[in-house]
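Accompanying notes for the structure given below.
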Amino acid sequence: MNESIVYLHKAENNTFVEASLFDQVTDEHLAMWSNEWVPVMKKHVGDLKLENAPEDSHWDWKKKLAEVGHLLSYQSFALICEGDLQGLMIVSNVRSAKIQEQFGKPIVYVEFVSTAPWNRVEINKPVKYRGAGRIFILAAIESSREMGYGGRVGLHSLPQAERFYESKCGFKRLGPESTHQNLCYFEMTSSQADLFCQNM
Amino acid sequence: MKLNYPKEWFEKSALIEGDDEIGAGVPPVNWCAREDEASVESRIALGQFVELWRRDKGWNAERLANEAGIDTGEVLELEKDPHHEPEPDAVYKLANVFGVSSRKMMELAGLVQNRNPYLREEAIRFAAQADSISKLTDAEQQSLEAFVSALTLTN
């Protein structure tokens with residue numbers, strides 16, 4: 001398991017604090033998820049109508065990891081900052097690209113990614129930390145490069161995150177897919193990945 | 001995988017991100033029902049079979065699509081994306097063009113229940129031997145012919 005030093009913006013005092021990105025989710029990370037993350041999410045969802053609850057509020061990360069943790073084609077990531085879990089991601093490396101210019105070439109596909117409830121503006125305003133989303137995309141790109149996939153990445157965005165992937169990360173929007181509950185599919189080419197890594 | 005970026009990268013990146021939502025992924029109902037590895041393996045073999053068969057004829061994907069009366073995109077997705085669930089109609093039409101059992105093609109595509117345990121083994125053996133990039137070698141030619149036989153023979 002590798003640990004990368006990264007930085008998050010701490011809104012409380014407008015500083016940047018060191019964080020760690022691990023390329024394997026451990027039982028300790030999952031314990032943080034169930035003990036810290038889940039209670040806050042449950043409290044937020046509370047009496048909300050189902051359609052108003054965050055789409056990922058019912059995701060069971062323990063179950064997801066149990067299903068794919070032993071498969072070589074899947075990799076999981078955990079982001080830790082100041083002793084707390086800030087985000088989780090699972091990627092796979094067996095899917096292929098859909099954009100015409102790279103059609104059929106292998107990509108790293110983001111199966112699931114989400115950030116802790118205290119980092120979401122609709123739950124906690126101001127948010128505690130900013131920057132987790134682009135750190136995870138950077139990790140997906142680097143994972144893709146390491147696989148020899150040239151930084152190509154694809155994902156199905158939850159509806160409220162579409163702007164992030166298109167405008168803030170430079171993904172190409174390919175439209176909703178009925179095979180994926182009509183979630184919009186986004187894909188990044190190698191050159192788009194290069195621009196992302198240059199922070200452009 | 002290890003990230004080696006300076007602190008400045010993350011400072012700029014966090015400002016770009018702002019307070020945007022970042023969630024991505026298909027909700028659990030599909031995740032639990034995701035295709036099993038066996039059907040992916042079969043579809044890899046199916047894709048290589050389709051590609052080798054048309055290359056053996058000297059056809060491009062468009063020619064094969066025209067002959068079968070299906071979309072070119074369907075042929076390309078069948079060949080390149082083992083996660084793509086093909087249309088039953090397209091698989092049936094391709095089986096007719098290939099002159100093989102449509103039932104077995106459907107099994108390979110994961111569209112009907114697999115009732116022939118040897119077909120999957122045959123498919124994996126075929127997929128392992130086939131090289132979809134280079135010109136058909138004699139070995140590939142033999143492998144293709146053997147697999148066509150496996151798809152043609154009745155149970």
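By convention in this document, chain letters (A, B, ...) are assigned in the order of the sequence lines, proteins followed by strands, and residues within each chain are numbered from 1.
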Applying a strict 4.5 Å limit to non-hydrogen atoms, the region of A/Glu146 in contact with chain B is side chain

Ranking A/Phe164, A/Phe103, A/Phe22, A/Phe136 by heavy-atom pairs under 4.5 Å to chain B gives rank one to A/Phe164

Applying a strict 4.5 Å limit to non-hydrogen atoms, the region of A/Leu138 in contact with chain B is both

Turns out that what part of A/Tyr109 lies under 4.5 Å from chain B's heavy atoms comes down to side chain

**Asked** Any donor-acceptor pair under 3.5 Å linking the side chain of A/Gln102 with the backbone of A/Ile99?
**Response** no

Could you check, using the six-membered ring where one of them is a Trp, whether A/Phe196 and A/Phe171 have ring centers closer than 6.0 angstrom? no

**Message:** Assess the residue pair A/Arg145 and A/Glu142 against the criterion (salt bridge (charged side-chain N to carboxylate O under 4.0 Å, His left out)); give the C-alpha distance rounded to whole Å, side-chain angles, the decisive distance to 0.1 Å, and a yes or no.
**Reply:** CA-CA 5 Å; A/Arg145 286 174 169 172; A/Glu142 290 298 339; 3.1 Å; yes

ask   = Where the side chain of B/Tyr92 meets the backbone of B/Met106, is there a donor-acceptor pair that is under 3.5 Å apart?
value = no

Can you see whether A/Trp59 has A/Lys64 sitting over its ring - NZ or CZ less than 6.0 Å from the centre and within 45° of the normal?
yes

Check your understanding: Is the cationic atom of B/Lys57 (NZ for Lys, CZ for Arg) positioned less than 6.0 Å from the six-membered ring centroid of B/Trp53 and within 45 degrees of its normal?
Key -> yes

Hey, does the Lys NZ or Arg CZ of A/Arg173 hover above the aromatic six-ring of A/Tyr185, less than 6.0 Å from the centre and inside 45° of the axis?
no

Of B/Ala14, B/Gly18, B/Pro6, B/Gly23, the largest count of non-hydrogen pairs under 4.5 angstrom with chain A goes to B/Gly23

- Item | Heavy-atom check, side chain of B/Glu21 versus side chain of A/Glu122, under 4.5 Å | yes

Looking only at A/Arg163, A/His156, A/Arg130, most heavy-atom pairs under 4.5 Å shared with chain B are made by A/Arg130

Highest number of heavy-atom pairs under 4.5 Å with chain B among A/Leu8, A/Asp23, A/Val121, A/Val113 belongs to A/Val113

Okay, A/Gln75 and chain B: the region with an atom under 4.5 Å from a heavy atom over there is side chain

* Ring center gap for A/His9 and B/Phe10 short of 6.0 angstrom -> no

A/Lys168 side-chain N/O to B/Glu17 backbone N/O, donor-acceptor pair under 3.5 Å | yes

Filtered by a 4.5 Å non-hydrogen cutoff, the part of residues 69-77 of chain B contacting chain A is B/Leu76, B/Glu77

- Determine whether more than 12 heavy atoms belonging to other residues, nucleotides or ligands lie under 6.0 Å from atom CD of A/Glu3. yes

Whatever's closer than 4.5 Å to a heavy atom in chain B on A/Phe186 counts as neither

Counting heavy-atom pairs under 4.5 angstrom with chain B, the leader among A/Pro106, A/Ala132, A/Ser114 is A/Ala132

Honestly, the part of A/Tyr129 sitting under 4.5 Å from a heavy atom of chain B is neither

